[in-house]
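Since the structure comes first, as structure tokens, the remarks are kept for the end.
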Amino acid sequence: MRLRAAKGKLKIEHSIIEGLRPVLEALSAHPGIRSVIPGVIRPVREARGPIRLRVTTPTQTGWKVLAFAAGARQEVFVNTGMGKEELEGALGESRCHN
């Protein structure tokens with residue numbers, strides 16, 4: 001079974017935590033984003049309530065973002081040339097479109 005699928009700039013390698021997919025689709029529509037790749041999901045206790053997104057670590061091609069929701073934490077890799085503040089603004093806009 002092949003899990004990898006692509007919908008525009010959103011690359012799907014793993015499952016996506018509940019409610020996060022529309023946010024990632026809106027984020028991938030941003031002109032400064034080259035691709036969005038959801039990563040590993042891990043259970044955590046502090047992930048209750050609405051989706052929270054936190055830009056954490058720069059990577060060679062962009063940023064690692066942590067998404068918290070539904071009792072889980074998911075890594076999301078964003079391939080972009082944006083700075084941290086600009087990406088945080090784009091994440092805020094993408095959450096508003098839901």
Side-chain angles (χ1 to χ4, degrees):
M1 185 170 120
R2 186 172 174 173
L3 288 177
R4 184 176 180 104
K7 181 178 180 183
K9 298 178 194 175
L10 178 60
K11 313 295 189 245
I12 302 168
E13 296 281 340
H14 300 278
S15 298
I16 299 175
I17 57 178
E18 185 178 330
L20 182 60
R21 187 177 189 133
V23 174
L24 297 182
E25 288 174 349
L27 178 64
S28 68
H30 191 281
I33 303 293
R34 292 187 289 263
S35 66
V36 177
I37 305 163
V40 177
I41 299 172
R42 289 192 165 61
V44 291
R45 281 183 268 211
E46 67 271 8
R48 301 285 180 221
I51 293 175
R52 292 179 322 203
L53 300 165
R54 186 172 70 210
V55 178
T56 59
T57 309
T59 64
Q60 289 181 340
T61 59
W63 291 91
K64 180 169 100 173
V65 176
L66 294 179
F68 297 90
R73 177 199 79 187
Q74 183 163 21
E75 297 174 339
V76 178
F77 296 93
V78 180
N79 185 340
T80 183
M82 293 182 192
K84 184 175 182 177
E85 293 78 21
E86 191 176 359
L87 179 57
E88 288 171 342
L91 287 168
E93 290 174 17
S94 65
R95 289 186 62 205
C96 293
H97 290 289
N98 294 325

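Computed from a predicted structure; not experimentally measured.
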Within this structure, what is the [atom1]-[atom2] distance for the pair [X] and [Y], rounded to the nearest 0.5 Å?
{"X": "H30", "Y": "E86", "atom1": "NE2", "atom2": "CD", "result": "6.0 Å"}
{"X": "L27", "Y": "T80", "atom1": "CG", "atom2": "OG1", "result": "8.5 Å"}
{"X": "R21", "Y": "I12", "atom1": "CZ", "atom2": "CD1", "result": "3.5 Å"}

Handout entry: Q60: partners by side chain to side chain contact (heavy atoms under 4.5 Å, CB included), with sequence neighbours left out
Key =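 By the side chain to side chain contact (heavy atoms under 4.5 Å, CB included) rule, Q60 matches no residue at all.
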Mind listing the closest non-hydrogen atom pair of [X] and [Y] along with its distance?
{"X": "S15", "Y": "Q74", "result": "O-NE2, 2.8 Å"}
{"X": "R34", "Y": "T61", "result": "NH2-O, 3.4 Å"}
{"X": "W63", "Y": "T59", "result": "N-OG1, 3.6 Å"}
{"X": "K84", "Y": "V55", "result": "CE-O, 3.5 Å"}

Co-membership, hydrophobic cluster, residues [X] and [Y], 4.5 Å side-chain:
{"X": "V36", "Y": "M82", "result": "yes"}
{"X": "V76", "Y": "I16", "result": "yes"}
{"X": "I37", "Y": "I17", "result": "no"}
{"X": "F77", "Y": "L91", "result": "no"}

Problem - Side-chain heavy-atom pair L20, P38 within 4.5 angstrom cut-off - result: no
Handout entry: Where at least one partner belongs to residues 56-68, residue pairs that pass salt bridge (Lys or Arg N to Asp or Glu O under 4.0 Å), sequence neighbours excluded
Key = K64-E75
Considering only distance and modelled atom types, tabulate donor-acceptor pairs under 3.5 Å from the side chains of residues 40-53, sequence neighbours left out.
unit_1 : atom_1 : unit_2 : atom_2 : d
R52    : NH2    : E46    : O      : 3.3

Exercise for the section: Determine, step by step, whether I33 and L87 satisfy the side-chain contact (heavy atoms from CB on, under 4.5 Å) criterion, reporting the C-alpha distance in whole Å, the side-chain angles of both residues, the deciding distance to 0.1 Å, and the verdict. Expected result: CA-CA 9 Å; I33 303 293; L87 179 57; 4.0 Å; yes
Problem - Main-chain N/O of A26 paired to E93 side chain as donor or acceptor, under 3.5 Å - result: no
